[in-house]
Colleague: 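The following block contains the structure, expressed as structure tokens.
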Protein chains: 2
Amino acid sequence: MNGNSRDAAGNTARRPNVRRKTIYDVARLAGASPTAVSAVLNGSWRKRRISEALAERILKIAEDEGYSRNMQASALRRERSHLIGMLVPKYDNRYFGAIAEGFEAMARARDLFPIITCTLRDPRLELEAARAMIAHQVDCLVACGATDPDRITRICQASGVRSLNLDLPGKLAPSVISDNRGGAQALTAAILQGLRAAGKPLAPLLFVGGRAHDHNTAERIAGFRAAHADAGLAAPPELTLAAGYAPEKAEAAIAAFVAGGRNLPPGVFVNSTITLEGVVRWLKANDAYDTRAAHLGCFDWDPLASVLSENLLMVRQDVPAMLAALFALIDSGESRAAIIDLPTRFAGGG
Amino acid sequence: MNGNSRDAAGNTARRPNVRRKTIYDVARLAGASPTAVSAVLNGSWRKRRISEALAERILKIAEDEGYSRNMQASALRRERSHLIGMLVPKYDNRYFGAIAEGFEAMARARDLFPIITCTLRDPRLELEAARAMIAHQVDCLVACGATDPDRITRICQASGVRSLNLDLPGKLAPSVISDNRGGAQALTAAILQGLRAAGKPLAPLLFVGGRAHDHNTAERIAGFRAAHADAGLAAPPELTLAAGYAPEKAEAAIAAFVAGGRNLPPGVFVNSTITLEGVVRWLKANDAYDTRAAHLGCFDWDPLASVLSENLLMVRQDVPAMLAALFALIDSGESRAAIIDLPTRFAGGG
DNA sequence: CAATGTTGCTCAACCGATAGAGCATCCTTG
DNA sequence: CAAGGATGCTCTATCGGTTGAGCAACATTG
């Protein structure tokens with residue numbers, strides 16, 4: 001089958017001309033044992049009763065020689081890598097960007113080395129990436145916005161790796177998510193209120209974006225419908241266009257909707273900033289867009305879009321709170337499945 | 001495969017109760033040697049003259065047992081980790097997001113495991129992250145948008161790790177960057193042309209954002225000035241506000257500029273989308289903003305901002321070309337310092 | 001039939017760091 | 001001054017995979 005699929009990088013793997021320093025090199029120069037050097041350099045020297053004098057000598061030599069610990073060897077021996085992995089769908093929006101940045105900072109604050117990889121919302125890539133992370137011995141894996149979190153949890157469990165879910169919940173591991181239903185309900189209500197304030201007739205809104213079968217989109221649709229009910233409106237299913245997140249899909253969905261002979265509703269609930277791009281593009285291309293007249297709401301937050309638009313309502317998920325909850329779970333060692341549902345905030349109306 | 005850690009008290013994240021499978025486990029079950037198992041599982045079995053029959057038996061058992069290679073151990077022995085690291089300043093814009101996504105995809109296509117970490121434009125964090133990556137034995141490190149690329153290269157060299165620069169050039173390692181000067185010159189010319197087309201009087205533009213001492217900002221200022229010269233305009237230094245990328249800094253800079261008794265120029269060259277946020281916020285807050293009247297240009301590309309604005313010109317750096325050039329260098333093993341300067345593209349005028 | 005080659009597999013020595021056990025000294029204390 | 005303890009350090013096995021060397025068994029050749 002695959003005899004030789006190796007070294008795609010054209011075998012640039014020449015042996016390094018600079019031999020890496022090891023504890024053995026440092027030990028020789030310090031006239032001490034590798035054990036002593038190891039203890040000094042990993043901080044366990046007090047416990048191991050190494051004298052302050054020797055510790056200082058070793059530290060100085062290590063510094064001078066540019067010694068750098070080989071974490072692979074260290075992790076191998078200690079059966080603990082201090083690596084923490086995270087899977088993220090995309091880097092094309094502020095939400096996941098903020099999650100990635102915050103995750104890294106909080107991991108580092110705990111002396112964990114964060115490894116983040118984006119999986120492009122591709123289920124196969126998600127599994128492959130999870131397996132790769134496990135092979136690299138991550139101590140813990142966070143699946144953020146995964147299409148099938150439970151599948152990932154099962155893979156982790158098989159290798160004894162702890163896993164947690166973020167943004168999208170699973171049934172097999174602790175999950176930290178936003179209150180999508182509540183946020184969507186509030187956003188929908190605000191869009192309707194905008195219509196009222198503008199003296200326009202109330203009518204059911206259009207829902208665009210997301211995947212009907214994913215938890216968050218389902219919850220948002222539920223909130224969307226609840227807000228309609230609260231306003232005494234029906235929310236007919238044909239106004240729900242959840243054909244994916246990509247801008248082109250949103251454009252195509254709206255085009256098909258209109259081509260079906262229907263009138264465009266007076267307001268639109270958009271499921272993400274990336275989808276918003278497609279929605280606005282369609283509206284502009286079809287001369288239906290006017291910054292003052294549009295009644296748009298977006299379940300996602302982008303400060304630049306927010307400041308550039310007049311009538312754009314945005315829901316901001318509370319990334320710091322989500323990460324705080326996530327790391328509280330990680331710190332506590334909790335691994336029972338349970339969902340932590342955090343409230344969202346409103347950000348800007350232009 | 002039931003609950004989790006045995007010692008509920010104290011150290012929870014301790015030893016996993018699921019003992020990881022090793023080649024020794026598989027070897028025992030297959031009635032073969034660990035050597036044979038290793039060879040089969042890493043693909044070198046043909047070279048090592050293992051029979052097809054044994055290979056298949058081992059593969060099946062490994063699959064059934066859920067074996068997963070310990071990359072730490074593997075990397076330790078082979079002195080090649082197949083890890084490739086990248087430092088990135090921020091995840092708060094599409095440019096670095098696209099770089100991160102593309103980098104991951106191209107690394108994976110080469111059987112390298114990408115490790116990306118964001119350093120928040122913090123020089124200290126950059127060095128710390130570089131050192132951490134080296135400790136984790138990356139085979140190669142890409143410094144993207146680093147504040148001091150040469151410092152990072154020197155650290156890498158001391159450990160025999162290959163390094164490359166992206167987005168911001170260094171003098172000690174190969175660098176792939178955008179033609180910032182040319183892009184800025186074209187963008188500036190386009191803004192001026194917009195003024196002309198709108199029948200407004202030509203006047204020097206304002207330059208906002210970036211750090212005067214970083215290469216890219218310096219180049220962009222040069223291009224900005226060249227375009228002014230081309231149009232027969234002076235570009236007085238007091239119109240150049242390079243006080244950082246953050247939105248608040250841009251707002252503050254403009255506020256100070258105006259407070260100094262000067263009139264706001266008829267058009268603005270903005271150095272990044274993140275800065276644009278601050279610029280627009282100030283313009284709106286001061287009633288100076290009108291989507292149709294504003295003459296804004298941004299050296300950065302954000303499709304949502306682009307589609308939301310009427311008169312916003314954006315320069316799009318050619319991320320795919322940059323990554324292609326980067327990996328061409330990586331694949332070729334090139335490590336001599338040289339700068340590859342790629343043209344930018346225009347994207348959208350609203 | 002001996003010499004040589006090929007096939008299929010195993011042995012043992014690593015890679016670098018770490019932890020348990022052990023071993024001299026030196027210091028107390030009765 | 002011997003027993004007991006503290007101090008300061010080293011020895012050695014080990015984590016899991018990989019690799020050069022080596023060894024039977026069988027096939028081929030002159």
Side-chain angles (χ1 to χ4, degrees), chain A residues 6-7 13 15-16 19-28 30-58 62 65-83 134-137 139 159-160, chain B residues 14-16 19-28 30-58 62 65-83 134-137 139 159-160:
Chain A
R6 332 184 3 86
D7 242 308
R15 204 143 290 250
R19 193 91 206 147
R20 220 105 141 190
K21 303 289 183 208
T22 70
I23 52 168
Y24 301 94
D25 299 319
V26 176
R28 197 166 13 79
S33 71
T35 304
V37 175
S38 170
V40 169
L41 295 176
N42 70 27
S44 68
W45 58 281
R46 290 225 105 101
K47 203 177 68 195
R48 292 198 127 247
R49 298 188 315 223
I50 303 293
S51 68
E52 196 118 15
L54 180 54
E56 269 168 33
R57 187 150 42 97
I58 287 173
E65 295 293 306
Y67 170 83
S68 151
R69 176 145 58 136
N70 184 328
M71 299 306 274
Q72 311 262 25
S74 173
L76 176 59
R77 180 59 235 249
R78 313 164 78 161
E79 319 213 338
R80 186 126 156 60
S81 67
H82 290 266
L83 253 39
I134 290 169
H136 283 281
Q137 310 298 111
D139 291 332
S159 296
Chain B
R14 252 18 259 186
R15 207 142 298 236
R19 195 91 207 144
R20 222 105 139 190
K21 304 289 182 210
T22 69
I23 51 168
Y24 301 94
D25 299 320
V26 176
R28 196 165 16 76
S33 71
T35 302
V37 174
S38 171
V40 169
L41 295 175
N42 71 26
S44 68
W45 58 282
R46 291 224 103 101
K47 200 179 69 194
R48 290 198 131 250
R49 298 188 315 224
I50 303 293
S51 67
E52 196 117 15
L54 179 55
E56 269 169 33
R57 186 149 45 98
I58 287 173
E65 295 293 308
Y67 170 83
S68 150
R69 177 147 56 137
N70 185 328
M71 299 306 272
Q72 311 264 23
S74 173
L76 176 59
R77 182 56 236 250
R78 313 165 78 162
E79 320 211 339
R80 182 122 156 65
S81 67
H82 289 264
L83 254 38
I134 290 168
H136 283 281
Q137 309 297 113
D139 291 330
S159 296

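Letters A, B, ... are given to chains in the order of the sequence lines, protein chains preceding strands, and every chain is numbered from 1. Keep in mind that this is a model prediction, so the values were computed, not measured.
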Colleague: Can you measure B:Leu76 atom CG to D:dT14 atom C1' for me and round it to whole angstrom units?
Modeller: 12 Å
Colleague: Are any of the side-chain nitrogens in A:Glu52 or A:Arg46 under 4.0 Å away from the carboxylate oxygens of its partner?
Modeller: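 Yes, A:Glu52 and A:Arg46 are salt-bridged.
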Colleague: B:Met71 and A:Gln137: which non-hydrogen atoms are nearest, and at how many Å?
Modeller: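 Minimum heavy-atom separation between B:Met71 and A:Gln137: N-OE1, 4.4 Å.
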Colleague: Tell me what A:Ala75 touches on the nucleic acid: a base, only sugar-phosphate, or nothing, going by heavy atoms under 4.0 Å.
Modeller: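 Touches nothing.
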Colleague: Could you list all N or O pairs between the protein and nucleotides 20-24 of chain C that sit under 3.5 Å apart?
Modeller:
unit_1 : atom_1 : unit_2  : atom_2 : d
C:dG20 : N7     : A:Arg48 : NH2    : 2.6
C:dG20 : O6     : A:Arg48 : NH2    : 3.1

Colleague: What residues from residues 39-46 of chain A pass a heavy-atom cutoff of under 4.0 Å to DNA chain C?
Modeller: A:Asn42
Colleague: Whole-Å distance between C:dG8 P and B:Ile58 CD1?
Modeller: 14 Å
Colleague: Mind calculating the distance between CZ (B:Arg69) and P (D:dT18) to the nearest angstrom?
Modeller: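 These atoms are roughly 5 Å apart.
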Colleague: At under 4.0 Å, does any side-chain N or O of B:Arg20 touch on OP1 or OP2 of D:dC15?
Modeller: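 B:Arg20 to D:dC15 OP1/OP2: no side-chain N or O under 4.0 Å.
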Colleague: Which one, C:dG8, D:dG17, D:dC9, comes nearest to the side chain of A:Leu54?
Modeller: D:dC9
Colleague: What about A:Arg77: does its side chain form a donor-acceptor pair under 3.5 Å with the base of D:dT14?
Modeller: yes
Colleague: D:dC15 C1' sits how many Å from B:Lys21 NZ, rounded?
Modeller: 17 Å
Colleague: Of all the choices, C:dT18, D:dG17, C:dG16, which nucleotide is nearest to the side chain of A:Ala73 once you look at every atom?
Modeller: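 Taking heavy atoms from C-beta onward, the closest nucleotide is C:dG16.
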Colleague: With the side chain of A:Arg78 defined as its heavy atoms from C-beta on, choose the nearest nucleotide among C:dA17, D:dG16, C:dT18.
Modeller: C:dT18
Colleague: Indicate whether OP1 or OP2 belonging to C:dA17 is found under 4.0 Å from a side-chain N or O atom of A:Tyr67.
Modeller: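 Checking A:Tyr67 against C:dA17: at least one side-chain N or O falls below 4.0 Å of OP1 or OP2.
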Colleague: When the distance from CD1 of A:Ile50 to P of D:dC11 is rounded to whole Å, what number comes out?
Modeller: 13 Å
Colleague: With a 4.0 Å limit, can you tell me whether B:Ser38 has a side-chain N or O closer than that to the phosphate oxygens OP1/OP2 of D:dG17?
Modeller: no
Colleague: Roughly what angle, to 10°, lies between the helix axis at the start of the helix from C:dC1-D:dG30 to C:dG30-D:dC1 and the one at its end, five pairs per end?
Modeller: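 Answer for the end axes of this duplex: 50°.
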Colleague: Starting from P on D:dG17, measure out to CZ on B:Arg28 and report it in whole angstrom.
Modeller: 13 Å
Colleague: Does D:dT10 have OP1 or OP2 under 4.0 Å away from a side-chain N or O of A:Ser33?
Modeller: yes
